[in-house]
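Note sheet for the following structure.
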Amino acid sequence: MERSHIRKESDRMSALQKPRVRFAPSPTGYLHVGGARTALFNWLFAKHEGGTLLLRVEDTDVERNKPELVDGILVALKWLGIEWDEGPFFQSQRGAMYRAAAERILASGAGYPCYCKATAYAGGDYSATENDDHEGEGDDEGPKSLKAVACPCRDFSDAERAAREKEGIPRAIRFKTPRTGVTKFEDAVFGPREIQNADIEDFVLLRSSGVPTYQLSVVVDDIDMRITHILRGADHLSNTPKQVLIYHALGATPPIFAHVPLILGPDRTRLSKRHGATSVGSYADEGFLPEAFRNFLALLGWSTGDDSEFMRTSELIERFQLSGVSRTNAIFDRAKLEWYNTQYLQKPPVEELLPFVEGELRRAGLWKEVWATTERAWFAHAVDLIRPRTRLLTDFTGWARAFFSDEFDYEQEARDKFWKDEKVPSLLAKLTEALAALPDWNHDACDAALRGVAAAEGVKAGLLINATRVAIVGRAVAPPLFDTMVVLGKGRVVARLRRALALLSPR
RNA sequence: GGCGGUAUGGUGCAGGGGUCAGCACGUCAGGUUCUCAACCUGAAAACCCGGGUUCGAUUCCCGGUACCGCUACCA
């Protein structure tokens with residue numbers, strides 16, 4: 001795997017070789033929008049280049065990981081339409097490989113055993129002044145007020161080590177970072193990077209428990225899995241030099257890095273629960289379409305260079321390039337997301353939308369099988385009529401519920417607004433008779449019947465139209481009335497008018 | 001504190017040594033309509049600050065500031 005000759009071999013073929021990328025979530029929570037965006041970029045890049053996407057679960061931290069969360073992450077990725085070609089692989093099952101790598105580094109002299117009690121020699125404040133950390137966010141504790149200093153074990157003699165081994169003191173393995181020189185690497189987004197080795201501490205590779213740290217396991221896996229490009233959050237930018245050091249210690253050539261800027265909340269702080277929904281699952285539940293979400297996410301930190309905004313997934317894939325990735329953190333703008341959702345609800349052919357509406361109706365327990373078979377045309381027609389006014393899939397079971405069920409409420413504001421005229425009951429009664437007598441049920445016939453009643457009663461058609469809308473769909477806001485009547489059908493319209501009349505004139 | 005990164009309207013992105021600094025979302029005001037959405041018209045709204053370099057900087061360089069990240073036997 002980390003054999004350098006194999007590595008060189010693949011480098012020689014790199015021009016012909018398709019990229020291999022990976023998305024490597026850690027199961028410490030649900031899939032959040034930042035992770036989703038990283039996954040999306042990896043996927044778009046792989047698709048664009050005809051490469052391969054791997055999924056790797058980074059679950060080396062026994063304390064923090066919750067295996068039951070893995071499934072939720074996979075489900076969220078699938079919802080997003082991101083499919084991986086290989087994996088998922090679990091780091092928790094690859095321990096032997098990491099331990100072997102750590103031992104190799106130790107043997108080569110690039111690492112050393114550390115017998116300190118875990119974090120025992122950490123000391124000193126980052127700052128005397130900035131200890132203003134507000135508690136309560138739960139997610140990021142950790143000794144952020146402590147600074148690691150050089151470990152004394154680095155300079156132990158063989159005798160000193162032997163003594164501790166004999167005592168049976170647990171041993172971690174640290175990287176012996178050179179005290180001089182610089183470490184360089186290339187980042188496709190941030191450009192060439194160079195940092196002083198003196199600024200890199202002797203980080204731990206293998207915990208005293210024998211479990212590897214992130215720094216070691218990523219590198220070992222990325223080498224083993226022949227990853228060619230690492231696309232990940234910019235929060236890893238400062239860690240990269242450490243990893244480059246490990247690559248070298250293992251005799252491997254580092255891949256190309258591409259760090260993507262972070263996504264922040266509206267207050268420019270790291271996105272967290274306090275900003276509202278941050279998990280992609282919650283957006284699915286709220287009624288967002290995966291393609292809309294993808295389009296929105298893709299343009300967070302990436303652009304085509306021209307002013308393209310609405311791009312179907314195929315176009316995203318076609319146009320995605322690392323060179324278009326921005327270096328500035330982006331803020332998650334829900335209003336824009338909603339705009340994208342309306343676009344995807346309204347622009348594509350109705351057929352594309354049908355499965356999603358079906359799903360929504362099923363969730364609400366309103367789905368009827370005939371809509372998939374004998375009444376499919378009706379269903380498509382209804383959806384097409386409703387969708388110009390929708391922002392979320394849940395609108396289909398929300399304000400548009402009356403199209404799919406006879407059980408619906410009369411919205412209070414709608415009644416107050418359009419039923420308040422005292423002529424409404426008698427108007428609706430006359431209209432009911434007129435409609436019931438109609439031989440043909442179509443847009444123009446309904447239109448003529450209603451306007452006839454309005455004219456005969458000396459009222460504006462709008463008054464009756466609005467009152468009728470409330471009567472048959474229970475809402476002030478709904479599609480044009482006569483179209484609605486046609487979709488609902490004569491029987492239901494008349495029945496609903498009668499029901500409304502009963503409500504209006506209680507005995 | 002140290003190290004690193006970033007800085008264009010409220011937001012997401014363009015742009016670039018000389019432009020009326022562009023697009024989109026959002027906002028506001030009109031128009032249209034049977035409600036609402038859509039649609040049409042119009043409006044307000046930005047190059048962080050200070051030094052350089054230059055005939056000329058929003059653009060290039062340096063400093064400051066702000067923000068973000070890393071600084072864990074977390075990832």
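Since this is a predicted model, take the numbers as computed values, not measurements. So that the names make sense, note that chain A is the first sequence line, chain B the second, and so on, each numbered from 1.
Atom CZ in A:Arg319 sits about 12 Å away from atom P in B:A14, given to the nearest Å. In this structure, A:Arg37 places its CZ atom 12 Å from P of B:G12, rounding to the nearest Å.
Using P as the reference atom, B:U59 and B:C49 are 10 Å apart when rounded to the nearest Å. Separation of the P atoms belonging to B:C13 and B:G9 is 12 Å when rounded to the nearest angstrom. Taking atom C1' on both B:A29 and B:A45, the two are 15 Å apart, rounded to the nearest angstrom.
At least one side-chain heavy atom of A:Leu345 sits under 4.5 Å from a side-chain heavy atom of A:Leu393.
For A:Val477, taking side-chain heavy atoms from C-beta onward, the closest of the listed nucleotides B:C36, B:G69, B:U71 is B:C36. Checked against B:U6, B:C68, B:U35, the side chain of A:Leu264 finds its nearest nucleotide in B:C68.
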### Query
Under the side chain to side chain contact (heavy atoms under 4.5 Å, CB included) criterion, do A:Ile173 and A:Glu103 qualify, and how do the steps go?
CA-CA 8 Å; A:Ile173 297 178; A:Glu103 293 298 340; 3.9 Å; yes
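Here A:Asn239 lies in heavy-atom contact (under 4.0 Å) with a base.
Remark: A:Thr328 is not in phosphate contact with B:A7, judged by side-chain N or O atoms under 4.0 Å from OP1 or OP2.
A:Asp333 contributes no side-chain N or O that forms a donor-acceptor pair with the base of B:G12 under 3.5 Å.
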